[in-house]
Amino acid sequence: MLKDGMHMETIAIHKGYDASKHEGSLSVPLFQTSTFSFPDAESGELRFSGQEEGNIYSRLGNPTVRVLEERMAALEHGAAALVFGSGMAAVSSVLIYVTKAGDHILCSRGIYGCTFGLLEMMEDKYSITHDLIKMDTEEMIEAALKPETVCIYVETPINPTMELVDLEAVHNVAKRHGLKVIVDNTFSSPYLQNPILMGADYVLHSATKYINGHGDVIAGILVGADEEDMSKLRLTVQKDVGGIVSPFDAWLMIRGLKTLHVRMDRHVSNADRLMQFLKKEKLVEDLYYPFDPNNPQYPIAVKQMKSGGGIISFSVMGGKEGARHFMNSLGLIKIAVSLGDAETLIQHPATMTHAVVPETERQAMGITDSLLRLSVGLEHPDDLIEDLRMAFKCLNEYLSTQDSSAAVI
Ligand SMILES: *Cc1c(COP(=O)(O)O)cnc(C)c1O
């Protein structure tokens, strides 16, 4: 149940919109406009000075975008939300907002490849340093703090190894030292995990993924726990750096968000079916999924997530060539980066999403050359299993031509 007494499923469909104020239009109207005309000159002055509510210019706010903001703020148990033109615009905006030259950012060991690139750039250009560390215990986090540390930035589950960060431990340390906590919640969506309830100050999403869910928009969303703080962020970084979303993309996301809970349930049940299949497959070496009871981090998963989500990572026999051969043998499952779409997608992190991460760091993160990341879609699970079965058969044939000991006869 959310703050205003409704369940998330209802919020995702109704929050922040009153059809009676829009000619009864059941669908939220698309305000595809760059600017708004003022009733008179005085009103323009009052709106610019903040003394009168009202629209000014779409970089400063747009009625279609506002509906999405209200829904996302409520779904993440936050005070306010801002929508951006990409997940990376949300990441860069919040990091610009909380840091200044000379500060230090403490990060979980695995972070999204472009977030890593952004942090490197901030270090080179603005002397804002960072460290990527394993965050298994409060002691480990505390030991890595510096006098100039201002925030802890984490992703959990971590892409693509599905390693978890204990959000409670992060919160306890942050509270003791007065640090801001930022959580990239893209992999779970607000349906499966709500970091603000566990003490985070900011939660962000690549809305390109589960929020929109249909693979036709690039966007980002930032939710904050404090209303005044978010209003300041809107009127400084978002307004002046300007990474805003188009009203049409916000409109598509409003449509996508309405089915978030239905889609997530199916992503999860399909992932569960595929896990059972992959567990029995002899050509699978390692398998990573947060809600696997064999996973040593299972207690953390159960504490902070409603379920394990729709992403499974696994490694196959035969190294990089084996992984390639396997992907090239799939038919229904598409080779593509991104995740959270209706279509099941597979990618090879070592040469695709994490190619920018230096080899030694990649190995330390557990991203081997034979690791594959599967974003389980909404197709019938039997059809997906059949596609995987065929690809394993091809892999087995390939391995038997390479090295007879690797193939399972
Ligand atoms: C995709 C992704 C991003 C970046 O989002 P874009 O919408 O592509 O800019 C950030 N974090 C995670 C975990 C992602 O999967």
Review point. Taking the side chain from R263 and the backbone from I211, do they hold a donor-acceptor pair closer than 3.5 Å?
Key: yes
Practice item. Evaluate whether atom NZ of K320 has more than 12 neighbouring non-hydrogen atoms of other residues, nucleotides or ligands under 6.0 angstrom away. Key: no
Point to revise | Main-chain N/O of T156 paired to Q193 side chain as donor or acceptor, under 3.5 Å | key: yes
Review point. Between L345 and E343, is any pair of side-chain heavy atoms under 4.5 Å apart?
Key: yes
Check your understanding: If you take all heavy atoms of S108 and I158, which pair is closest and at what distance?
Key -> CB-CD1, 4.2 Å
Review point. How many angstroms lie between CZ in F314 and CD in E281, if you round to the nearest 0.5 Å?
Key: 9.5 Å
Check your understanding: Where do A391 and L330 come nearest, in terms of heavy atoms and distance?
Key -> CB-CD2, 3.6 Å
Exercise for review: Test H22 against Y17 for ring-ring contact (aromatic ring centres under 6.0 Å, His included), laying out the working first.
Suggested key: CA-CA 9 Å; H22 296 283; Y17 180 64; 5.4 Å; yes
Exercise for review: Indicate yes or no for a side-chain donor-acceptor contact from T259 to the backbone of V262 under 3.5 Å, with no hydrogens or angles considered.
Suggested key: no
Check your understanding: Is the backbone of E9 close enough, under 3.5 Å, to the side chain of H7 for a donor and an acceptor to pair up by distance?
Key -> no
Review point. Does atom NZ of K232 have more than 12 heavy-atom neighbours from other groups under 6.0 Å away?
Key: no
Practice item. Give a yes or no on this: more than 12 heavy atoms of other residues, nucleotides or ligands lie within 6.0 Å of atom CE of M140. Key: yes
Review point. Should we count CD of E52 as having more than 12 external heavy atoms under 6.0 Å?
Key: yes
Practice item. Work out which heavy atom in V183 is nearest to a heavy atom in A200; give both atom names and the distance. Key: CG2-CB, 3.9 Å
Check your understanding: Does T64 use its side chain to pair, donor to acceptor, with the backbone of W251 at less than 3.5 Å?
Key -> no
Point to revise | Nearest non-hydrogen partners of S338 and D341, listed with the distance | key: OG-OD2, 4.3 Å
**Study point:** Residues D103, K100: salt bridge by 4.0 Å N-O rule
**Key:** yes
Exercise for review: Work out which heavy atom in V376 is nearest to a heavy atom in A271; give both atom names and the distance.
Suggested key: CG1-N, 3.8 Å
Practice item. Report yes or no: do S93 and Q238 form a side-chain donor-acceptor pair below 3.5 Å? Key: no
Practice item. Please tell me if the side chains of L179 and D201 come closer than 4.5 Å, counting only heavy atoms from C-beta onward. Key: no
Exercise for review: Verify the distance criterion only: is there a donor paired with an acceptor across the side chains of H348 and T351 at less than 3.5 Å?
Suggested key: yes
Review point. Is the closest basic N to carboxylate O distance between E69 and R66 below 4.0 Å?
Key: no
Exercise for review: Verify side-chain contact (heavy atoms from CB on, under 4.5 Å) between C107 and F116, making sure each step is shown before the conclusion.
Suggested key: CA-CA 10 Å; C107 304; F116 181 77; over 6 Å; no
Exercise for review: Spell out, as yes or no, whether a donor-acceptor pair under 3.5 Å connects the side chain of S206 to the backbone of G87.
Suggested key: no
Review point. T208 side chain to A219 main-chain N or O, any donor-acceptor pair under 3.5 Å?
Key: yes
Check your understanding: Quick one: NZ on K15 to CD on E70, what's the gap to the nearest 0.5 Å?
Key -> 6.0 Å
Exercise for review: Enter the distance from I141:CD1 to M135:CE here, rounded to the nearest 0.5 Å.
Suggested key: 5.5 Å
Practice item. Check the pair R373 / L339 against side-chain contact (heavy atoms from CB on, under 4.5 Å), numbers first and verdict last. Key: CA-CA 9 Å; R373 186 191 74 191; L339 53 103; 3.7 Å; yes
Review point. Above 12 or not: heavy atoms from other molecules or residues under 6.0 Å from NZ of K393?
Key: no
Exercise for review: Starting from the C-alpha separation in whole Å, work towards a yes-or-no answer on side-chain contact (heavy atoms from CB on, under 4.5 Å) for F392 and N396.
Suggested key: CA-CA 6 Å; F392 278 118; N396 194 44; over 6 Å; no
**Study point:** Pi-cation contact, F187 with K209 (under 6.0 Å, within 45°)
**Key:** no
Exercise for review: Would you please test Y210 and H267 for ring-ring contact (aromatic ring centres under 6.0 Å, His included) and show each step?
Suggested key: CA-CA 10 Å; Y210 288 112; H267 282 301; 5.1 Å; yes
Point to revise | More than 12 heavy atoms from other groups under 6.0 Å of CZ on R255 | key: no
Point to revise | Main-chain N/O of I333 paired to D387 side chain as donor or acceptor, under 3.5 Å | key: yes
Exercise for review: Give a yes or no on whether the backbone of L197 and the side-chain of N194 come within a donor-acceptor separation of less than 3.5 Å.
Suggested key: no
Practice item. Check each of D272, D292, D286 against K279 using the salt bridge (charged side-chain N to carboxylate O under 4.0 Å, His left out) test, and report the only one that passes. Key: D292
Review point. For the residue pair A73 and V223, what are the closest heavy atoms and their distance?
Key: CA-CG1, 3.9 Å
Check your understanding: Step by step, would you call I133 with R109 a side-chain contact (heavy atoms from CB on, under 4.5 Å)?
Key -> CA-CA 4 Å; I133 63 148; R109 192 176 57 166; 5.9 Å; no
Exercise for review: With rounding to the nearest 0.5 Å, note down the distance linking CE in M253 to CE in M72.
Suggested key: 9.5 Å
Check your understanding: Is there a donor-acceptor pair closer than 3.5 Å between any side-chain N or O of Q297 and the backbone N or O of L164?
Key -> yes
